Amino acid sequence: MAGPAPFPMRPTDGNNVNNSIKFNSLTRYKVPRLVLSPRRIFSDILSKGWVESAIPLLGFLAVVITIALTTDSYFSGSNMRILALYGADTGLVILALLIVVAVGGLDLSVGSSLAMSAFVALYGFHILELPVLLVLVMSVASGAAVGVVNGVLAGFMGCGALLTTLGTMITVRGLFTLASQAKLVEISLSARSDDLWDWVGFAQFMTLPVVFWVLACVALLTFFMFRQSRFGWHILAVGGNRKAARNGGIGVKKTIFSAYVLAGAIVGLAGFIYAARQNSIAADTGIGLEFFALTALVVGLGGFVPGRGAVVSVLLGFATIYFMNNVLVNSGFRGDFVQLVMGSVIIVILAIDVRFRKNRHRLLAATYLDPVALKLPPVQNMTGLMPSDLAPKLAEATVLGSGEIDGPEDVILDAGGNLYCGTRDGRIMRLAAPDFTEITVLAKIGGRPLGLAFDAAGDLIVCVAGMGLVRVGLNGDVELLSDQTERSLVQVQDDTSIRMGDDLDIAPDGTIYFTDATKRYDMENWGLDLLEGRPNGRLLSYDPKTKKTRTVCDNLIFPNGVCLTHDGKHLLVASTWTCSILIFDLADLAAGPRVFMSGLAGYPDNINRASDGGYWIALAGMRNPVVDLAMKLPALRLRMSKQVPPTDWLFGNLNIGGVLKVNGTGDIKDALWDRASGPLYMITSMREHKGALYLGGVNNNKIGRLDLPGADPDWTGPNRYRKES
Amino acid sequence: MLFFSLFVDGFANLGNFKVIASNSAALLMLSCGMGVVIISRGLDLSIVAAMVAGAATFGILTVAGWSVFPAFVVTVLAVLAIGVFNGWLIAYVEIPGMLTTLASAMVITGFFRYEVLNGEYLLMLPSDSRAVQLLSGDAPAILAVLVFIASWLILRYTTMGRVTYALGDNAAAARLSGLPVRLTTLGIYAFAALTALFAGLVVAAASSTVDFRIVTNGSLLFEAILVVVLGGIPLRGGRGGMRNILVGLALIAVLRNGMTLLNLTTQTQDMFKGVVLLIAIVIDNYINPRDTENDTVGDL
Amino acid sequence: MTDDLLLKIARVSKSFGPVRALTEVNFDLRKGEIHALAGENGAGKSTLMNIIDGILQPDSGEILIDGVPQKITSPTRAQQLGIGFVHQEIALCPDVSVAENIFMSATNVSRTFTMDYRGLHDKAAEVLGRLCAISPATMVRDLSISNQQLIEIAKALTLDCRVLILDEPTAALTEKEAQILFGIMRDLADRGISIIYISHRMVEIFDNCDRVTVLRDGQHITTQNVADIGPGDVVNAMVGRVIDDLYPDKLSEVDRSDEVILDVRQLTDGNRFHDVSFQLERGEILGIGGLIGSGRSEIVKGVCRLECDVSGETFLNGQPLAPKDYQECIDCGVVYLSEDRKGDGIFLDMAISANVSALNLSQVSSRTGILSGTAEDDQAGSLGRKLNLKYGRLSDPISSLPGGNQQKVAIAKMLSVDPKLIILDEPTRGVDVGAKVEIHRILRELASSGVGIVVISSELPELIGLCDRVMVVREGRISGDVRGATMTEENIMQLASVTDAPAA
């Protein structure tokens, strides 16, 4: 077979003039500033947690805009103040209802309870002539008492919440009517007034009514409770899944009971406010309030869902209903029409919500994958180097650690010649020099360790898919260096966390450059990223001095292997799906990458320096014309992803890979292929060390070792690195 | 009952029983409809709204000069439409029954008061109206008995009744048995609306008015639920039958009547009803304990 | 060795109404051992574990921890005593993040008022790192079944527990994930934590456990060192009779016919199963094996059109079978028995006869929809005799029957429509051994009489003992077919476990 000599090694240094890189003469590689696609934006929004609360927000905005357009000066200060004054107690009741609904219950007794505690307040103030603070306590206690009854029955005894609170609703209403009939005249005759009482009822504080501030405070506290407090979390857990909560040791009954009592107390507070504002009660006080509150809740939560403490959404829902109600009444529509409108609104919102909730995941799954055309240049500079042209040199490799290591994506050797690799189950293994038969676990880090590099201190830096960047000391210490980078401003999807840290290299100044191969898919689903063919990855850097991670270059297409050039001034990054190698100038990273090599015969994975001033490039798989064609046809790939099972997808050939040997300027000098029958199959990394090449493969259960006759027998990565820095 | 017989003079005479019976006719019919819905593990909060809506439709049509039969047919169709709409929202759109009927009650009353009554609560029927005359005397009681028997037959002897029980017992199993679950849900809510119509006609005839306030003050709705629950039909459905409705009705009627004879005010009566409901819930909970160890979400 | 006993259960009994779930059960657990608990479904394993975890209270007997009698009144109390429990069924809050779910118990122990979400997140990442690559911020409802199972396990690992109970944790795990779990179990045991490991799979017990206790019908049968006995002994102890009696004779080679009852071609739902093709021959019982969540139930539901949107062709006795929904499918003579009997199989409060007739009410009613009680009773009575059903009266609610007879009623329900093909999902779950034998016999008789029988089961011995051929499903596709001598637990498990997809 024709071809160059087996291993044309030249013991030259990287600074050799012939081998130096003329960065500025290379073709620019255009990195898209912004990756925008309607489909992606849609699916990203859909995947957001808040999307379910978006419907209430849209409803609110629609109502506000309609009002602003049709009613003059509705949103004026004075009108808002009036609305705030009269809406505060209802707002409190809605918050109370939210707490009960969040725990998985329902409270119909809020209307009666509000009336009752308003009565208690008036009775205490006018007839018993108690101090206002004591009146407040009595009011709250009255509401809490109703909560206790509800809580005992619905919580401790496990009775149905609907019926229980229906019962307390009727009972309390009866009590209220009896009591108010007996005392109403007496109350209305009382002339007692009190500054504090009037202050609560009428005064303004910072231009808004005091009662509004009460609502605001309670809302804030409730928000805090659900977000931060243990009790709020218990409520959500019980509402979300009682069994899980019980298994988790949460006192389910106690939590339900407490939620009812807390809700009752808030209703009591609302009753106090009502009493202070109205200074009277009527037979119909609080009648229908439970339905109004339920409506607001349903509108705000977008349905009737336990286990969610969405205070803001519910208040938005309240505001929507309240404004709508108020405007309709103000515009001369009668209560009956308002009722008709509100009923219809609830049905429509519920219908939309139920359907949306049911189909959201289907919709998301159908839109997440968004392929784009990717045109690859034809295979270049491979004349006489293709697998059919050359003897499979890797077939001569000896096999190390066979069956004892699982999935060494990258391999590395320390100065002492010990070999390290990561495994599928998240360990770093150490194969001791010189014969590599003694295999020990250096550290367990979890995730999926991929790229490896030694820093100046001799610690191992590891890129871990699903975690980020991890430092592993040779004594087994593990430290997470980075799992987040700064958020890009133009993405809907939160891309701060490093999803698939792939490979890294360390610059002479200590900065660690590493790749996040794809921001959109997990390790198991990297194949979907190929299917998409979009620039989903990025190059990141971590500065150990400042411990800051930043994004060097976003929107790369599956950036994979990272390697510093021999002069330490440039950075090579493999862009796997484009079958090309990009190069960055470390002095001017912002200028963006240029194309170092393109039109490779396979999908490049890791890159490493060779002793002769050139580089080794692992090809994880070979291109084939069918896949190249498919990459140009996004619609075809989309259809394939929907209609063909994943195992039958068109894919690059991953069972045969190899290693390319290139010189310092990127001319391919040799190719090392494996036989179709192995032993190494897919190659994802290689490391030259003392005249031998060590080969890892992400799906292999072994490491290959190939002697390199003619290579510098003393050259090692770490030594060389030290010499440079 | 023994309690009232002993302590209230004149409780246990025949005349009193007759009063109890006629007062209770409307409630009985409502409870039949509610009972069927609850057995299917649903809840119809719009039943009283359907009741006044039906009565109002019929009243207006007859006042407008329609003869009884076509007016009745149109009314029945209108009320069935309400029931089917509820059922459709529940079975096909899959909104929970309680919320659906809560909202549809608002829509129905809002619509009638806005479109038909121009904001009024009351629709007066002339006392010489054919409807009023037809439904005087023993007619309400007979109608109630007919509705009761019809409910009993449906539940006991028809496939629809069987599916109703199956739905209440185990809705997932009903679907997995290939039973016509959605269609039956439509039927159940339509049936409930129909019983509500008859109840509405009886009440309207007795007072010559259709009063929409009974929707908002809610006590009739709660009373219907009370009858079902006191009778021993658990809210989670699947159990009980018309016998339980009768028991519940007897209890509540006796309670109501006895309290009236004790000269308790309506308010006190309401309060007692609430207490009785709470006690009934506790007893029901004791007799039919829920499997609280395994439920993941609390039942309402 | 008594001094290093951590947990001792002495003469514990428990009844549920008339049913005795546990009778005077003794059990002890040493420090740092992995103790397997074996037993058929319904043998009382879960009841015993629920008692240890405080979910259930024993009627009599006592529990000693470190030699001190303890009353475990609630799971909270159990936690305080250092008992962690990974439940068989997954109970997670769907709208709550993975981290919060994992630390549900741990946060409960803490007494501070506010939650430390950041700390939670970090600690969760650490725990998860050992198990799998799941981001702690993911919402639980977005996870696959097997990942949810891992979260359940992660939950227990976060507890600072001395006793860890694992109730069939591997049912939904791939072999690889299971191996990771076993590694972790070993680590924990080496640190002195005692593990109670409940499993059906003999291989797992014999590869990973130190001792094994067998329960049968609520009674303690034996406790042995794993080294001292063989899998056959454990199976015999579990079943309580020589294994040969448990399963009827298989279809002999002579009786095999080439007649195909069911022919499924390229059935796909585009989501959970793909390109499923198989045939069922007359007289044979076809088993379907695979992990929970592998899509085996979905496939048969697809055949019955209980899942919408399936494509592919199905032929029943040579005729195309393309019903638009399950109701039509029943009319065509194909019926499905669900795996979750109480959840969606039977109507607990309804009469036996009503349960039998539920599949096709038109058989017991007139054309106008009026039910006939006598027709119903006749139907239930004759099917009941055929299946040797024991009952008081046909009008009794089915809840009055024990599990085995409930299952017979469910089978009677399927037979009521004279089916041509019956698909049974876990037909003997929660059924005592006697009824199990009978159900197996009934299925064999049905198969011999020409009814097509397809059985899905997680119990490998059942698949191997009952079926003539077992088709294994892996990730929604058929990964293989075993029959005759190749039907072994190892082969089936191997086919069921994932070979890893290529990764970069």
Side-chain angles (χ1 to χ4, degrees), chain A residues 103-106 149 153-154 157-164 166-175 177-178 181 238-244 246 252-253 256 287-288 291 294-295 298 303-304 306-307 333-347 350-351 353-355 358, chain B residues 43 89 93-96 98-100 102-115 117-119 212 216-219 222 225-226 229 234-236 265-282 284-286 289-290 292-300:
Chain A
V103 86
L106 179 67
V149 176
L153 287 171
M157 304 186 61
C159 301
L162 179 78
L163 272 188
T164 305
L166 190 65
T168 45
M169 170 186 174
I170 300 173
T171 314
V172 174
R173 172 63 57 187
L175 271 175
T177 316
L178 282 178
Q181 276 175 353
V238 170
N241 188 331
R242 272 183 200 207
K243 196 167 180 187
R246 193 176 296 109
V252 172
K253 291 180 172 180
I256 299 176
I287 280 186
F291 292 126
L294 209 55
T295 308
V298 163
F304 192 77
F333 288 105
R334 290 189 312 265
D336 44 4
F337 181 73
V338 177
Q339 201 179 15
L340 173 63
V341 172
M342 304 250 279
S344 317
V345 165
I346 301 181
I347 291 185
L350 282 175
D353 194 70
V354 167
R355 301 322 294 181
K358 213 174 163 184
Chain B
L43 192 64
L89 285 176
V93 188
E94 299 173 14
I95 304 175
M98 195 189 78
L99 295 176
T100 302
L102 180 71
S104 68
M106 290 169 71
V107 172
I108 295 164
T109 33
F111 176 78
F112 269 86
R113 285 185 48 217
Y114 181 69
E115 285 292 326
L117 301 178
N118 293 318
F212 271 83
T216 26
N217 86 11
S219 75
F222 302 145
I225 298 178
L226 193 56
V229 175
L235 268 190
R236 59 197 167 78
T265 57
T266 341
Q267 289 77 26
T268 324
Q269 289 193 21
D270 277 349
M271 200 188 74
F272 272 111
K273 266 184 243 163
V275 174
V276 169
L277 177 58
L278 288 178
I279 294 172
I281 297 164
V282 173
D284 171 56
N285 193 53
Y286 184 73
R290 285 152 189 258
T292 49
E293 291 306 331
N294 277 316
D295 58 351
T296 50
V297 181
D299 267 337
L300 290 180

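None of these values were measured; they are calculated from a predicted model. Just so we're on the same page: letters track the sequence lines, and every chain starts at 1.
- In terms of heavy-atom proximity, Q339(A) sits nearest to R113(B) at OE1-NH1, 3.9 Å.
- The heavy-atom pair separating A351(A) from I95(B) by the smallest distance is N-CD1, 3.7 Å.
- Across V252(A), V172(A), I347(A), the residue that shares the most heavy-atom pairs under 4.5 angstrom with chain B is I347(A).
- The candidate with the highest count of non-hydrogen atom pairs below 4.5 Å against chain A, out of T100(B), V282(B), L226(B), is V282(B).
- For L294(A), the part sitting under 4.5 Å from any heavy atom of chain B is the side chain, from C-beta outward, and nothing else.
- Contact of I108(B) with chain A is not made at all, since no heavy-atom distance falls under 4.5 Å.
- Within a 6.0 Å radius of CZ in F272(B), other residues, nucleotides and ligands contribute 12 heavy atoms or fewer.
- Taken from CG in L340(A) to OH in Y114(B), the straight-line distance is 8.5 Å, to the nearest 0.5 Å.
- Of all the listed residues (M271(B), K273(B), E94(B)), the one sharing the greatest number of non-hydrogen pairs under 4.5 Å with chain A is M271(B).
- With a 4.5 angstrom heavy-atom cutoff, V229(B) touches chain A only via side-chain atoms.
- The distance from the CG atom of L99(B) to the CD1 atom of I346(A) is 8.5 Å, given to the nearest 0.5 Å.
- The choice from G167(A), G307(A), A154(A) that makes the most heavy-atom pairs within less than 4.5 Å of chain B is G167(A).
- Taking both residues in full, the closest heavy atoms of I225(B) and L166(A) are given as CD1-CD2, 4.0 Å, listed atom of the first, atom of the second, then distance.
- R355(A) touches chain B through its side chain: at least one heavy atom from C-beta onward sits under 4.5 Å away, while N, CA, C and O do not.
- Considering only residues two or more places apart in sequence or on other chains, S104(B) meets the side chain to side chain donor-acceptor pair (under 3.5 Å) condition with N86(B).
- In this structure, E115(B) has no side chain to side chain donor-acceptor pair (under 3.5 Å) partners at least two apart in sequence or on a different chain.
- Heavy atoms only, all atoms of each residue included: T265(B) and L178(A) are closest at OG1-CD2, 4.0 Å.
- Here L162(A) contributes atom CG and L43(B) contributes atom CG; the two are 5.5 Å apart, rounded to the nearest 0.5 Å.
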